[in-house]
Protein chains: 2
Amino acid sequence: MARKRITPGKIRLAEVAKLAGVSPITASRFFRNPEALSAGKRARVESAAKELGYVPNLAARALASQRTEVIGVLIPSLTNNVFADVLRGIYDALDGSRYSIQLANTRYSILQEERLLRLFLAQKPAGLIITGINQTADSRRIMETVDCPIVQIMEVGPAPIDMMIGFSHFDAAKAAIAHLLAQGYRRIGFLGARMDPRVQRRLDGYRAAMTEAALFDPQLIVTTAIPTSVTLGGTLFADLLAKAPDIDAVFCVNDDLALGALFECKRRHMAVPEQMAIVGFNDLEFMASSEPTLSSVRTNRYEMGRNAAMMVIETLEGRPPAEAVVDLGFSVMERQSSARRN
Amino acid sequence: MARKRITPGKIRLAEVAKLAGVSPITASRFFRNPEALSAGKRARVESAAKELGYVPNLAARALASQRTEVIGVLIPSLTNNVFADVLRGIYDALDGSRYSIQLANTRYSILQEERLLRLFLAQKPAGLIITGINQTADSRRIMETVDCPIVQIMEVGPAPIDMMIGFSHFDAAKAAIAHLLAQGYRRIGFLGARMDPRVQRRLDGYRAAMTEAALFDPQLIVTTAIPTSVTLGGTLFADLLAKAPDIDAVFCVNDDLALGALFECKRRHMAVPEQMAIVGFNDLEFMASSEPTLSSVRTNRYEMGRNAAMMVIETLEGRPPAEAVVDLGFSVMERQSSARRN
DNA sequence: CAATCGCTTGGTAGCGCTGTCAATATCGGT
DNA sequence: ACCGATATTGACAGCGCTACCAAGCGATTG
């Protein structure tokens, strides 16, 4: 024999409908599309729901409607402040909306990403936000066949899966180097850690700018696969100085490395910027208040997250954004650490 | 008339069962409790599921079983690095398990927290991780009546709702001050931002230590409700110097403030620690590599997150932890910025 | 040899909601 | 007063899975 209802006191949609004197379907519609009801019934259902403290059962809704109101978010790291800002933007945009977030951490592995993607899509998310433009071929194929809005964030590039929001890491790095060149620096070193695809493109931008200026020298480049940290910034900077003692500036692929380099300069009693200019990337909050203040490339991370989430929502509500690819740009923040030579 | 099945090709449990030559119920059991099956059927169902690429429908499962495999996590901030580490611990602990996370941001508001709590609990989470021990009376009541493991994290205190893992912010701050006193500092300032309950308790610890040493002076305390930042650290430190120019040390409620204070010292050409000792709180990564290296109080944030998640899981699997309240302690990291006077 | 036990397996119904389509109410125009 | 069009409402069945209970089965026991 089958089970009996165990919780006879629970408030279901049927109870609300009964109290409001309408059919369950009408009550259901109230929660999904209130405009479809006549004003009278709408008010009746609303007060009935409030009186009973009704909360819809999302599992039942998801089962019956074959979709969820969950937006999947795939980011490579939870620790990196960069993603903290993006996430904050996403959460802010979704706050108060019907949608919620399912967050997963790919740990910079596109295989892990593919695994998580399959997991997500099996649950029919309402939308998807995924980091970067380098996915496995299988991931791409899966995403192209799935029927929900997808936004790739953090960078822009060719062939978006659906939508895209970010900026050009190549251009941003190139602009940072152009700034150093304009300030009169010539032997500009490069410090890179983790070397994920976006960092690689920053390296490409550096290489392009240096080559154009006929100043490129592989000796100026120090990179590692190790995850970034301030301590690592100091270590890499020491390595760079050992390889190329005559450098007059250093471009760091992120602000942690830049801060580490600054501390290492202090340790060696090298004056910044007189003996060594430093430029970071991302413009985290501390860059503007260090001593000396540190130059960096500002990226609009919060806006990126916020807009990405809004693009998903707008699409879901039938108002897809005019542009599928949004370039948020960047700005080179020129501060004391890269002041003009002499 | 009712709708027809729209997706005839979809792989459901019934298909797996058919291919495996067992009843749907047996197949269902395989996914929930494989040990209950005989070895033969287990293998058959397993290979059938793999062959068809079966992925269970979580909505249907949640609806039928009246529970979910989601652990709710309520934290006050996404930006604060402290919570990033905790989150990483939680995600790591749940990685590979059947459980997933629903994350929400209370923005340091216990009213917001209560709202989110109701939202969460209405969906019958498998467990709950909530920050701190200061909830509204209603929140407490709700949590006490709900039937799922709950872990309060970040601090320990009396009357846990269910389980608890953290450390004493009072003791930690007191130990930091004791360290400064032992090093010979006497006029020790206090810098506080945001002033959430845990920061308040750090202030209490400071006050207790200073009072015991007969050195307490309200002029030494500068606090603000503004969220913390490195820049703010510099500003508050400047305020403190204006109020009490004769201080010889400063205790900052977090490392960002400490870094800001360090930069402000450099700007004023005050030698650290000769003219001004600095101690932070949390021991973020950069504290060990700044110049000079900065003393701090190490807190075990990753472990806190990891253990909290494991406590929830273990309880769910019928192996509740021996101790409901876990004190992870702290350690005072003594570095150059608080080296002995003279 | 029947009774008992423990393990595995299956049948039935229902979890709470919504898609589909039909039915009814409302309305303006002729 | 009639017609068609539009807005509102309702009936039905089913989304995919699992709780509950019962039955099958071989082994053990008195």
Side-chain angles (χ1 to χ4, degrees), chain A residues 1-45 48-49 52-69 98 122-124 126, chain B residues 1-45 48-49 52-69 98 122-124 126:
Chain A
M1 203 166 33
R3 70 182 134 181
K4 311 164 183 77
R5 177 159 293 159
I6 333 130
T7 50
K10 206 188 328 167
I11 301 113
R12 302 197 301 301
L13 190 55
E15 273 77 86
V16 176
K18 200 167 158 195
L19 180 63
V22 300
S23 74
I25 282 61
T26 304
S28 166
R29 262 192 280 267
F30 168 77
F31 292 101
R32 290 173 292 147
N33 184 17
E35 282 75 36
L37 304 215
S38 62
K41 304 228 170 185
R42 193 182 322 157
R44 294 234 299 284
V45 177
L52 296 171
Y54 171 73
V55 183
N57 181 323
L58 297 184
R61 178 179 287 179
L63 181 59
S65 68
Q66 299 279 46
R67 58 197 167 69
T68 63
E69 283 167 353
R98 66 206 303 170
Q123 306 309 326
K124 305 199 206 328
Chain B
M1 205 170 28
R3 68 182 138 183
K4 320 182 173 66
R5 178 159 293 157
I6 333 129
T7 50
K10 206 186 331 168
I11 301 114
R12 302 197 301 299
L13 189 56
E15 273 79 85
V16 176
K18 200 167 159 194
L19 180 64
V22 300
S23 74
I25 282 60
T26 304
S28 165
R29 264 192 278 268
F30 168 77
F31 292 100
R32 289 174 292 146
N33 184 16
E35 282 75 36
L37 303 212
S38 61
K41 305 230 169 184
R42 196 183 319 160
R44 294 234 300 285
V45 176
L52 296 172
Y54 171 72
V55 183
N57 181 322
L58 297 185
R61 179 179 286 178
L63 180 59
S65 68
Q66 300 278 44
R67 57 199 165 69
T68 63
E69 284 166 353
R98 65 205 304 169
Q123 304 310 326
K124 304 198 204 337

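In what follows, chains carry the letters A, B, and so on, assigned in the order in which the sequence lines appear, proteins first and then strands, with residues in each chain numbered from 1. Quick note: numbers below take in every heavy atom, side chains included, and nothing from hydrogens, waters or symmetry partners.
- Residue A:Arg42 is classed as having no contact, given no heavy-atom separation below 4.0 Å to the nucleic acid.
- Each of C:dT18, D:dC17, C:dT9 was ranked by its minimum atom distance to the side chain of B:Leu37; first place goes to C:dT9.
- Of all heavy-atom pairs spanning A:Val45 and A:Val16, the tightest one is O-CG1, 4.0 Å.
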Using atom names, set out every protein N or O paired with an N or O of nucleotides 5-7 of chain D below 3.5 Å, distance rounded to 0.1 Å.
none

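- Checking C:dT18, D:dT18, C:dG10 against every side-chain atom of B:Arg29, the shortest atom distance belongs to C:dG10.
- With distances taken from any side-chain atom of B:Arg32 to the nucleotides D:dA19, D:dG10, C:dC15, the minimum falls on D:dA19.
- In the helix from C:dC1-D:dG30 to C:dT30-D:dA1, the rotation axis of the first five pairs and that of the last five pairs differ in direction by 40°, rounded to 10 degrees.
- Distances from the side chain of A:Ala64 to the nucleotides D:dC17, D:dA19, D:dG14 place D:dG14 closest.
- Set against C:dC17, C:dC15, D:dT9, the side chain of A:Lys41 has D:dT9 as its closest nucleotide.
- Put simply, B:Ser38 has no side-chain N or O that comes within less than 4.0 Å of OP1 or OP2 on C:dT8.
- Considering only side-chain N and O atoms, A:Tyr54 lies nowhere under 4.0 angstrom from the phosphate OP1 or OP2 of C:dG16.
- DNA chain C is contacted by A:Ile25 of residues 18-27 of chain A, taking any non-hydrogen atom closer than 4.0 Å.
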